[in-house]
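Each remark here refers to the structure printed beneath this line.
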Amino acid sequence: MSRAALLVLADGRFPAGGHAHSGGAEPAVREGRIRDAAELADFCRGRLHTTGLTSAALAAAAALGHDPAELDRAADARTPSPALRGVARRLGRQMMRAARAAWPGPELDALAAAFPRGTHQPIVLGTAARAAGLGPYDAAHCVVYETVSGPATAAVRLLSLDPFQATAVLARLAPEMDEVAARAAGAAHEGVGALPAASAPLLDITAEQHATWPVRLFAS
């Protein structure tokens with residue numbers, strides 16, 4: 001395994017499109033549920049243990065080489081919001097472009113051919129991790145970090161939050177990120193039927209509302 005490849009894949013500057021999405025932070029800020037660093041930490045923790053766990057397990061399963069068609073159906077079933085399903089596939093297409101440039105190979109080519117309109121982003125990420133010589137725990141780690149770093153970065157822009165405070169939120173969540181990544185990878189080893197289906201209904205509801213806003217800073 002390459003530690004450097006893991007850093008490349010997890011880097012926020014990897015051109016996979018995540019910078020344009022707030023992970024639900026934008027509607028949460030508008031509704032007054034995120035007003036400071038403490039509330040950002042609560043938001044990120046809730047996201048980590050629900051949608052983060054679910055997405056990390058999908059990525060870990062893809063890194064193990066589970067059937068991508070089965071994983072795509074599993075991801076759809078775990079994403080009740082049409083808006084978020086659309087976002088996941090758009091991000092999957094962007095991740096695919098970046099991953100095939102970084103780690104060209106037959107598995108990514110086959111996945112792109114099987115899903116010309118894009119599959120869910122965690123599935124592409126897990127396949128990219130596999131192409132980069134990384135394992136399921138690495139893929140899960142990338143997802144859990146992205147799950148909390150996206151809202152934290154968005155909060156800096158939305159609230160003019162001190163970036164040092166936002167970074168401190170991420171640092172304090174690090175032990176929980178490790179725990180969630182381990183749970184996700186463990187479930188992936190048990191098969192697609194054992195993947196978690198933790199959800200956050202409020203994120204689904206606000207995603208649908210956010211998609212109708214005529215003016216917004218983030219795509220989701």
> Is it true that R216 and E26 have a side-chain N and a carboxylate O under 4.0 angstrom from each other?
Replying inline: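 No, this pair does not count.
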Do side-chain atoms of [X] reach the backbone of [Y] as a donor and acceptor pair under 3.5 angstrom?
{"X": "S22", "Y": "S220", "answer": "yes"}
{"X": "D138", "Y": "G135", "answer": "yes"}
{"X": "H21", "Y": "G150", "answer": "no"}
{"X": "R78", "Y": "S55", "answer": "no"}

With a 4.5 Å cut-off on side-chain heavy atoms, are [Y] and [X] touching?
{"X": "T119", "Y": "P68", "answer": "no"}
{"X": "P151", "Y": "R47", "answer": "yes"}
{"X": "D72", "Y": "H120", "answer": "yes"}

>> Grouping I, L, V, M, F, W and Y whenever their side-chain heavy atoms are under 4.5 Å apart, do W103 and L64 come out in a common cluster?
In response: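 No, because W103 and L64 fall into different hydrophobic clusters, even though each may have its own neighbours under 4.5 Å.
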> Does L217 share a hydrophobic cluster with L203, counting links as ILVMFWY side-chain heavy atoms below 4.5 Å and allowing steps through other members?
Replying inline: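 Result: yes, single cluster for both.
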> Would you call the rings of W213 and H210 parallel, tilted or perpendicular if under 30° counts as parallel and over 60° as perpendicular?
Replying inline: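 Correct class here is tilted.
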> How far apart are the C-alpha atoms of H141 and Y145, what are their side-chain angles, what is the distance that settles it, and do they pass the ring pair (Phe, Tyr, Trp, His ring centres under 6.0 Å) test?
Replying inline: CA-CA 6 Å; H141 254 118; Y145 178 71; 9.5 Å; no
